[in-house]
A.B. asks: 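Before we start, here is the structure in question, set down as structure tokens.
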Protein chains: 2
Amino acid sequence: MSVQGSHGHSHSKSPQSLRLTKGAKKVLEVLERTDELSSAQDIHSALRSEEDSPPGLTTVYRSLESLVQLGLVQAVDFGDGERRYEMVKPGEHHHHLVCEVCRTSVHLDQCLVQQLEESIQAKYKFEVRGHILEIFGLCEQCQQAMTPAGKK
Amino acid sequence: MSVQGSHGHSHSKSPQSLRLTKGAKKVLEVLERTDELSSAQDIHSALRSEEDSPPGLTTVYRSLESLVQLGLVQAVDFGDGERRYEMVKPGEHHHHLVCEVCRTSVHLDQCLVQQLEESIQAKYKFEVRGHILEIFGLCEQCQQAMTPAGKK
DNA sequence: TGGCAAATGAAAACCGTTTTCACTACTAAA
DNA sequence: TTTAGTAGTGAAAACGGTTTTCATTTGCCA
């Protein structure tokens, strides 16, 4: 249920794209079988290497936007300038451990924030609609790979 | 303690900027008296409207990078394409309620994640170094401003 | 089957951020 | 105090992910 603003001016999303277009289906397929977070470009190259006439990058972006709107996909932003996406399994909601070195990410098995929302709502009169929680650090391998000396 | 990757390749930050330069001081002053999150451009225009020879945008960016490195400022990314910054009061760590309509943000008075870090560390063998938690929704005013009809 | 709205792709525009490079301001040594 | 040498700065260009534009194609349906 993470919320994702858009770069530019985000015109309220008109008629189009409320249906699952052909391109969007292909994008969703890629995300369906990918366990890690994927950027638009990741998805685009995945498709290009397996389809004979893959959707263009533009279509991938547009599809992702629709899929997010449809609630089938969630966008995550680590602040490194590249947005990542992943499938949302219905009723599932979770966060990630993101390794700062190798950038791999692991799902946390449940949402840590849900219980807090109610009290925030009461205390701040703030209507909670979504949240981003990402935890950064070092995965096990990268901890080991970092020799005591190199521990910048 | 939010973590902030950089856009490009982030050359490990050489000698320079480990001291508080003149430009950085001005940037810090702006953040010091601002209670909301500010983007680089915000800071730049603030300075331009009050100094006779204000630091350029480049310097603002460079200063912010240094200040983050020095731990005096933290960067926050909502995924709308614009990074925001705020002063870090020593020992303080908190998160924000961000209104999706008017984009104002309010501090939560404490960190909601700290208690979790230890158990994450144990369970996932993941060395936690930082996290991002931002909660999105509607502030009180914007809730009211949204007439039942206009509730897109 | 003809007409239209939606979908698509290529290329251009965007825009926040970073890099480059020439120049200036400090600072420390002589 | 002059003289390096180093760090800081600004303007402009480069970058790169994302969005827009616009001409074309696709697919639905009356």
Side-chain angles (χ1 to χ4, degrees), chain A residues 4-28 37-48 51-70 73 75-85 103, chain B residues 4-28 37-48 51-70 73 75-85 103:
Chain A
Q4 185 57 63
S6 62
H7 218 191
H9 300 229
S10 160
H11 301 173
S12 59
K13 179 97 300 221
S14 3
Q16 84 171 147
S17 79
L18 286 179
R19 218 181 310 30
L20 212 53
T21 75
K22 198 176 339 183
K25 259 177 223 146
K26 292 184 187 171
V27 168
L28 193 59
L37 294 164
S38 314
S39 68
Q41 322 247 16
D42 289 341
I43 296 166
H44 183 233
S45 19
L47 284 169
R48 203 167 30 181
E51 301 250 347
D52 13 301
S53 66
L57 226 204
T58 314
T59 297
V60 170
Y61 275 110
R62 281 192 282 233
S63 300
L64 286 169
E65 194 182 349
S66 308
L67 291 168
V68 169
Q69 297 250 336
L70 288 167
V73 164
V76 179
D77 201 311
F78 300 155
D80 69 341
E82 204 174 358
R83 213 128 71 207
R84 323 280 163 111
Y85 299 84
R103 281 283 149 189
Chain B
Q4 186 57 64
S6 62
H7 219 189
H9 301 230
S10 158
H11 302 173
S12 58
K13 179 97 300 220
S14 2
Q16 84 171 146
S17 78
L18 286 179
R19 219 181 311 24
L20 214 51
T21 75
K22 198 175 340 180
K25 259 177 221 144
K26 292 183 188 173
V27 168
L28 193 58
L37 295 164
S38 313
S39 68
Q41 322 247 14
D42 290 342
I43 296 166
H44 182 234
S45 17
L47 284 169
R48 202 166 32 179
E51 301 250 349
D52 14 301
S53 67
L57 226 203
T58 313
T59 296
V60 171
Y61 275 109
R62 282 192 281 233
S63 300
L64 286 169
E65 194 182 347
S66 309
L67 291 168
V68 169
Q69 298 249 335
L70 288 166
V73 164
V76 178
D77 201 310
F78 300 156
D80 68 341
E82 205 174 358
R83 213 128 71 206
R84 323 280 162 111
Y85 300 84
R103 281 282 148 189

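Chain identifiers are assigned alphabetically (A, B, ...) following the order of the sequence lines, protein sequences preceding nucleic acid strands; residue numbering begins at 1 within each chain.
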A.B. asks: Of the nucleotides dT19(C), dT18(D), dT21(D), which one has an atom closest to the side chain of Thr58(A)?
C.D. replies: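 It is dT21(D).
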
A.B. asks: Apply side chain to side chain contact (heavy atoms under 4.5 Å, CB included) to residues Val68(B) and Tyr85(B) and explain how you reach the verdict.
C.D. replies: CA-CA 9 Å; Val68(B) 169; Tyr85(B) 300 84; 4.1 Å; yes

A.B. asks: Which pair of non-hydrogen atoms, one from Ser63(A) and one from Gly23(A), has the smallest distance, and what is that distance?
C.D. replies: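 Smallest interatomic distance, heavy atoms only, reads OG-C, 3.6 Å.
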
A.B. asks: Rounded to whole angstrom units, what separation is found between the CG atom of Leu57(B) and the C1' atom of dG8(D)?
C.D. replies: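 That distance rounds to 16 Å.
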
A.B. asks: Could Arg84(B) and Asp80(B) be called an ion pair, given the rule that one side-chain N must be under 4.0 Å from one carboxylate O?
C.D. replies: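 Between Asp80(B) and Arg84(B) there is a salt bridge, with a charged N closer than 4.0 Å to a carboxylate O.
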
A.B. asks: Measuring from the side chain of Arg62(B) (C-beta onward, heavy atoms only), which nucleotide among dT17(C), dT20(C), dG9(C) has the closest atom?
C.D. replies: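 In terms of side-chain proximity for Arg62(B), the closest of dT17(C), dT20(C), dG9(C) is dT20(C).
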
A.B. asks: For Asp80(A) and dT18(C), give me the distance from atom CG to atom C1', rounded to whole Å.
C.D. replies: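 Atom CG in Asp80(A) sits about 15 Å away from atom C1' in dT18(C).
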
A.B. asks: Rounding to an integer number of Å, can you tell me how far Leu64(B) CG sits from dG16(C) P?
C.D. replies: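 My rounded result for the distance is 15 Å.
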
A.B. asks: Counting only side-chain N and O atoms of Thr59(B), is one of them less than 4.0 Å from OP1 or OP2 of dG10(D)?
C.D. replies: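 Yes, such a contact exists.
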
A.B. asks: Measure the distance from CZ on Arg48(A) to C1' on dG9(C) and round it to the nearest whole Å.
C.D. replies: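 My rounded result for the distance is 13 Å.
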
A.B. asks: dG16(D) P sits how many Å from Gln41(A) CD, rounded?
C.D. replies: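 Rounded to whole Å, this separation is 11 Å.
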
A.B. asks: Just jot down the side chain to side chain donor-acceptor pair (under 3.5 Å) partners of Ser39(A), sequence neighbours excluded, or say none.
C.D. replies: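 Testing Ser39(A) for side chain to side chain donor-acceptor pair (under 3.5 Å), a comparison that skips the adjacent residues, returns Asp42(A), Glu82(A).
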
A.B. asks: Mind calculating the distance between NZ (Lys26(A)) and P (dT26(D)) to the nearest angstrom?
C.D. replies: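 Computing the Lys26(A):NZ to dT26(D):P distance gives 12 Å.
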
A.B. asks: Which atom names give the shortest non-hydrogen contact between Lys26(B) and Ser53(B), and what distance separates them?
C.D. replies: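 Residues Lys26(B) and Ser53(B), closest heavy atoms: NZ-O, 3.8 Å.
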
A.B. asks: Is there a side-chain polar atom (N or O) of Thr21(A) under 4.0 Å from OP1 or OP2 of dT8(C)?
C.D. replies: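 Looking at the OP1 and OP2 atoms of dT8(C), one of them is under 4.0 Å from a side-chain N or O of Thr21(A).
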
A.B. asks: Do the side-chain N or O atoms of Arg84(A) get closer than 4.0 angstrom to the phosphate oxygens (OP1, OP2) of dG17(D)?
C.D. replies: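 The answer is no; no side-chain N or O of Arg84(A) sits under 4.0 Å from OP1 or OP2.
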
A.B. asks: Ignoring hydrogens and angles, write down the donor-acceptor pairs under 3.5 Å from the side chains of residues 54-61 of chain A, residues two or more places apart or on other chains.
C.D. replies:
none

A.B. asks: Look at Tyr61(B) and dT18(C) and indicate whether a side-chain polar atom (N or O) is within less than 4.0 Å of OP1 or OP2.
C.D. replies: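 Answer no for this pair, as no side-chain N or O of Tyr61(B) is under 4.0 Å from OP1 or OP2.
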
A.B. asks: Between the protein and nucleotides 23-26 of chain C, which nitrogen or oxygen pairs are less than 3.5 angstrom apart?
C.D. replies:
| unit_1 | atom_1 | unit_2 | atom_2 | d |
| --- | --- | --- | --- | --- |
| dC26(C) | OP1 | Lys22(B) | NZ | 3.1 |

A.B. asks: Report the C-alpha separation of Ile43(B) and Leu64(B) in whole Å, then their side-chain angles, then the decisive distance to 0.1 Å, and conclude whether the side chain to side chain contact (heavy atoms under 4.5 Å, CB included) test is met.
C.D. replies: CA-CA 10 Å; Ile43(B) 296 166; Leu64(B) 286 169; 3.9 Å; yes

A.B. asks: May I have the distance from His44(B) (atom NE2) to dT17(C) (atom P), rounded to whole angstrom?
C.D. replies: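 For the pair His44(B) NE2 and dT17(C) P, the rounded distance is 13 Å.
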
A.B. asks: When the distance from CD of Glu51(A) to P of dT8(C) is rounded to whole Å, what number comes out?
C.D. replies: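 Whole-Å distance recorded here is 12 Å.
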
